[in-house]
Trainee: 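Sharing a structure here in structure tokens format.
Note that the numbering runs from 1 along the sequence shown for the chain.
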Amino acid sequence: MNKTLVWFRRDLRVSDHEPLYRAARRGLVVPVFVFDRALVHHPETGAARVAFLLAALQALAADLEALGGRLIVRSGDPVQVLPQLVQDLGADGIYAHTDVERIYGRVRDARLNQALAQRGMRIRWFEPAASLAELVPYPQYRELWYRQMGAPLVPTPPQVLVPPEVASDPLPTLTGLGHQADAKPIPTASTAAARTLLQDFLTNKADRYYWQLSYPSAEATTGLSPHIKFGVISVRECVQIVRQAADGGDQRIRRSHQQLISRLRWGNGFTQRFRYLPQLELRSLYRVFDDDGWAFESDLYHAWQTGQTGFPIVDAAARCLQATGGYLALNFRTRAIYASFLSNLGGIDWRYGALHFMRHLIDGDCPIDHYQWAMQSGVTHCVDKTWTRIYNPGQVAVDRCDPDGEFIKRWVPELAEVPPEQLGNPPTLSGYPAPILNYKAARQRRVKQLEAQRSKFLNARNLLPFLAPMPQDLTPFGTDLYGGEVAWAAAPEPELFPPPLPLADLGPEEAKALRTWFVAHVNVVPAKPRRHSRGKAPDPNVRQLSLLADME
């Protein structure tokens, strides 16, 4: 009987999973997950995210057992582990989804392709929904995304038959993987839990999600992001569940449904940009920003990390991130204010911020995290926009995002007795620091710097001369601070799979298509500060400001 390995990576589910479904149709299946030390000990890997991964694998194992199968666990370098497993079992080959989250993963997958070919073994790669190799203009990708999200879900196999002779290593513990729990609460990780979260959102949050998304204390988000990061539920299933949900003619619910679907699309769009330009993991989009260099002030960076900047909403975000992993309580607007403070006002390289986030976010996804960090820092900027959203972290941010002070007072209890209208610039208090910088002066300095740097590429019709190429050194950022398994980065001129865009070889039409990924597709203008009460919805004719709207 045919025998196929299915290599699970960031697709930890049995539903809407084409490699598993195809393998099960053709015969016996070996569902395998390999603990890869280069990822487990990547400098951006956080203990809480590994804990969620372990819980998701337990749930996947249970789902496979319900279909008559088992999850086979291995540890080591997949380039060595998988060919050996194919040989030992006499399997026909490997089925797997492509994955472009990390440069390391793409180097590893290219090495695996070579190792299998040298031994006469085969691997079949499946593209996840809304992932494509070809360079297409962004509007065409958006149409493709909606079309693929509307395609039928891949059926769950009726049964998964695993060869009885294949043994599995036990699922390791967190400490066994070299990580220590950091007290963050880990959400239940399973496809069933993800579906429950989505249904709870549709039942209890959809009438306020669009309107309260800027208010962290409202906790209006779905909580799905860790599940989506590891593919515990597919984006396509989420989109279809939302599309099928009734709105009862309520414009608020309809707006919320549309907003959630848009955010799912944005996430896939960031991943597709990384598919084209994997250097975005390590570099700013435009070379001028990194070529000019960045300042670094260690005391400011430490204060920003630990919530001691003297700006309450920034400090609340810092403490919330470290305590919770951010996936539920730290919404997009609060993350944006927190990020903008470090790079735009503190002048510190956005990669230090992205590194800190990834070490704490339970939902940390490299393309989403790094791309948004670079956007907030103004260095992955729409080539046709002259302004940058630099958030005022004082009373303006409090009025706009936390008008009742609930979020700030929860995470900065030193300010519990300060009235909300003073939380942007609290009185001198014992135990709470004075502001670490002058907002107006820092903002003026950053605006002047960005204007000078952007003048080199702003409104350029051909971006290719200005884009950062793949660096020769692929060592992950943060290795010098946290170490990691990075010997792979020393290989000379490694190949990547899937391959990136060959920037040096692109013609005029391809350059034109690439440019469409870095322009504004909506008319976004800077917001005028105004105070909202969280209990009142803004004018429905006013577009909800979006951290991501510039790019989408």
Trainee: Can you name the one residue among N462, L506, L463 that meets side-chain contact (heavy atoms from CB on, under 4.5 Å) with L514?
Mentor: L506
Trainee: Quick one: ring-ring contact (aromatic ring centres under 6.0 Å, His included) partners of H97, sequence neighbours excluded?
Mentor: H17
Trainee: Return the set of residues passing side-chain contact (heavy atoms from CB on, under 4.5 Å) with A323 (not counting sequence neighbours), or none when no residue passes.
Mentor: W411
Trainee: Holding to ring-ring contact (aromatic ring centres under 6.0 Å, His included), I want the full list of residues that pass it with Y327, two or more places apart in sequence or in another chain.
Mentor: none
Trainee: Listed by chain and number, what are the salt bridge (charged side-chain N to carboxylate O under 4.0 Å, His left out) partners of E143, not counting sequence neighbours?
Mentor: none
Trainee: Apply ring-ring contact (aromatic ring centres under 6.0 Å, His included) to W373 and list each qualifying residue two or more places apart in sequence or on a separate chain.
Mentor: W304, F357
Trainee: Donor-acceptor pairs under 3.5 angstrom involving side-chain atoms of residues 361-370: please list them, not counting sequence neighbours.
Mentor:
residue : atom : partner : partner atom : Å
D363    : OD2  : S225    : OG           : 2.7
D363    : OD2  : R335    : NH2          : 3.1
D365    : OD2  : R10     : NH1          : 2.9
H370    : ND1  : E281    : O            : 3.0
H370    : NE2  : E44     : OE1          : 3.0
H370    : NE2  : E44     : OE2          : 3.0

Trainee: Given side chains that start at C-beta, do those of N344 and R443 come closer than 4.5 Å, heavy atoms only?
Mentor: no
Trainee: Y141: which residues meet the ring-ring contact (aromatic ring centres under 6.0 Å, His included) condition with it, sequence neighbours left out?
Mentor: W517
Trainee: Using salt bridge (charged side-chain N to carboxylate O under 4.0 Å, His left out) as the criterion, list what pairs up with R106, not counting sequence neighbours.
Mentor: none
Trainee: Please find the pair of heavy atoms, one from Q376 and one from A339, that lie closest to each other, and give the distance.
Mentor: CB-CB, 4.2 Å
Trainee: How would you list all residue pairs meeting ring pair (Phe, Tyr, Trp, His ring centres under 6.0 Å) that involve residues 216-243, not counting sequence neighbours?
Mentor: F52-H227, F52-F230
Trainee: Under the salt bridge (Lys or Arg N to Asp or Glu O under 4.0 Å) rule, what pairs show up with a residue in residues 314-331, not counting sequence neighbours?
Mentor: R319-E414
Trainee: Taking only residues two or more places apart in sequence or in another chain, which ones pass salt bridge (charged side-chain N to carboxylate O under 4.0 Å, His left out) with D36?
Mentor: R108
Trainee: Among residues two or more places apart or on two chains, list those pairs meeting salt bridge (Lys or Arg N to Asp or Glu O under 4.0 Å) that have a residue in residues 190-214.
Mentor: R195-E237
Trainee: Which heavy atom in P498 sits nearest to a heavy atom in R275, and how many Å separate them?
Mentor: CB-NE, 3.4 Å
